[in-house]
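This report concerns only the one structure given below.
Residue numbers run from 1 in the order of the sequence given.
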Amino acid sequence: MKKTNNSKSNETASQLIDAQLKELKDWRGETLARVRRLIKQADPEVVEELEWKKPSNPAGVPVWSHNGQICTGEAYSSVVKLTFFKGAQLKDPKRLFNSSLEGNTRRAIDLHQGDRIDEAAFQALIREAVALNES
C-alpha cells in the first residue's frame with residue numbers, strides 16, 4: 001500500500017483509513033468499512049491513498065486506485081458518498097449511481113443510513129472502472 005506524505009508518521013494510507021473509520025463510530029464508519037471491503041474483494045490489487053488534506057479535513061479523503069483513480073469514499077453528516085472519477089463512462093445496469101448524474105465525467109453513489117447496496121453490482125462497477133483505467 002502506498003504511504004502518505006505525512007512527515008509525522010510512517011503509517012500507511014490503509015492504516016490511516018482504518019483510524020478514520022474507527023473515529024466515525026456510527027453507521028457511516030460501518031458503511032465505509034463495508035464498501036472498502038467490497039472494493040478490496042473486487043480488486044485485490046487496489047491501492048488506498050489519502051488525498052486532499054486541508055484544515056477543514058485534516059485526515060484527507062480515502063481514494064482507491066488501480067492504474068488510475070477509481071473512486072473516493074467520503075462521510076458527511078447524513079450520507080456516505082462514493083464518487084467514481086470516470087463514472088459517466090461506466091455501465092450501470094442496476095442504477096447504483098444516484099448522485100452527480102448531470103456531469104460529463106463523474107458519477108456518485110449516495111448511501112444513507114439503512115440503505116443497502118447491491119454488492120455484486122457494486123463490485124462489477126469497481127472491476128469495470130479498473131478495466132477502463134487499464135485500457
Side-chain angles (χ1 to χ4, degrees):
M1 295 296 153
K2 182 176 177 178
K3 291 198 176 203
T4 66
N5 293 331
N6 185 348
S7 60
K8 295 180 183 178
S9 170
N10 287 333
E11 293 179 301
T12 65
S14 293
Q15 291 168 324
L16 294 169
I17 293 170
D18 288 342
Q20 271 188 2
L21 296 177
K22 286 179 185 174
E23 284 180 24
L24 286 170
K25 297 181 184 178
D26 61 12
W27 69 272
R28 297 169 304 155
E30 294 168 8
T31 300
L32 267 175
R34 184 175 75 241
V35 168
R36 181 187 190 202
R37 185 185 83 250
L38 292 171
I39 292 168
K40 288 179 171 186
Q41 288 173 348
D43 181 17
E45 295 179 24
V46 74
V47 175
E48 295 187 308
E49 303 168 289
L50 284 169
E51 300 283 346
W52 307 294
K53 291 183 181 185
K54 54 188 177 182
S56 62
N57 186 11
V61 175
V63 178
W64 291 276
S65 301
H66 184 147
N67 290 336
Q69 295 172 322
I70 300 169
C71 68
T72 65
E74 297 176 88
Y76 296 100
S77 59
S78 63
V79 68
V80 169
K81 181 178 281 293
L82 306 166
T83 302
F84 284 71
F85 290 93
K86 299 177 183 175
Q89 297 177 54
L90 302 177
K91 295 174 188 152
D92 182 22
K94 299 289 185 174
R95 299 188 187 267
L96 296 181
F97 292 130
N98 60 9
S99 182
S100 305
L101 301 175
E102 66 286 342
N104 293 329
T105 306
R106 292 182 176 87
R107 293 286 184 271
I109 301 170
D110 285 356
L111 297 171
H112 297 87
Q113 188 171 9
D115 284 354
R116 295 183 187 264
I117 190 165
D118 181 329
E119 293 184 358
F122 179 74
Q123 289 182 319
L125 278 178
I126 295 296
R127 287 189 288 274
E128 187 179 351
V130 169
L132 181 60
N133 284 348
E134 292 179 331
S135 66

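A distance-only check finds no donor-acceptor pair linking the side chain of Q89 to the backbone of L132 [under 3.5 Å]. Using a distance-only test at 3.5 Å, with no hydrogens or angles considered, no donor-acceptor pair links the side chain of E49 to the main chain of Q69. The main-chain N or O of S99 is never found under 3.5 Å from a side-chain atom of D110 such that the two would form a donor-acceptor pair. The backbone N or O of V61 lies less than 3.5 Å from no partner atom in the side chain of E74, so there is not a single donor-acceptor pair. A side-chain donor-acceptor contact under 3.5 Å links Q15 to the backbone of T12. A distance-only check finds no donor-acceptor pair linking the side chain of E48 to the backbone of A13 [under 3.5 Å].
The heavy-atom pair separating S78 from H112 by the smallest distance is O-CD2, 3.2 Å. In this structure, A75 and L32 approach most closely via the heavy-atom pair CB-CD1, 4.0 Å. The nearest pair of heavy atoms linking A88 to G103 is CB-O, 4.4 Å.
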Exercise for review: Please lay out, stage by stage, how Y76 and R28 fare under the test side-chain contact (heavy atoms from CB on, under 4.5 Å).
Suggested key: CA-CA 8 Å; Y76 296 100; R28 297 169 304 155; 6.0 Å; no
Exercise for review: Kindly determine whether I126 and W64 satisfy side-chain contact (heavy atoms from CB on, under 4.5 Å), including the steps that lead there.
Suggested key: CA-CA 10 Å; I126 295 296; W64 291 276; over 6 Å; no
Review point. Under the side-chain contact (heavy atoms from CB on, under 4.5 Å) criterion, do F85 and N133 qualify, and how do the steps go?
Key: CA-CA 10 Å; F85 290 93; N133 284 348; over 6 Å; no
Practice item. Please assess I117 against L38 for the test side-chain contact (heavy atoms from CB on, under 4.5 Å), listing each intermediate value before the final yes or no. Key: CA-CA 10 Å; I117 190 165; L38 292 171; 4.3 Å; yes
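Crowding of E134 atom CD: a count of heavy atoms from other residues, nucleotides or ligands under 6.0 Å exceeding 12.
Residues I17 and R36 have side chains in contact (heavy-atom distance under 4.5 Å, counting atoms from C-beta outward). Counting heavy atoms from C-beta on, the side chains of E45 and N67 never come closer than 4.5 Å.
Atom CD of E128 and atom NZ of K86 lie 12.0 Å apart (nearest 0.5 Å). Interatomic distance, C71 SG to L125 CG, rounded to the nearest 0.5 Å: 9.5 Å.
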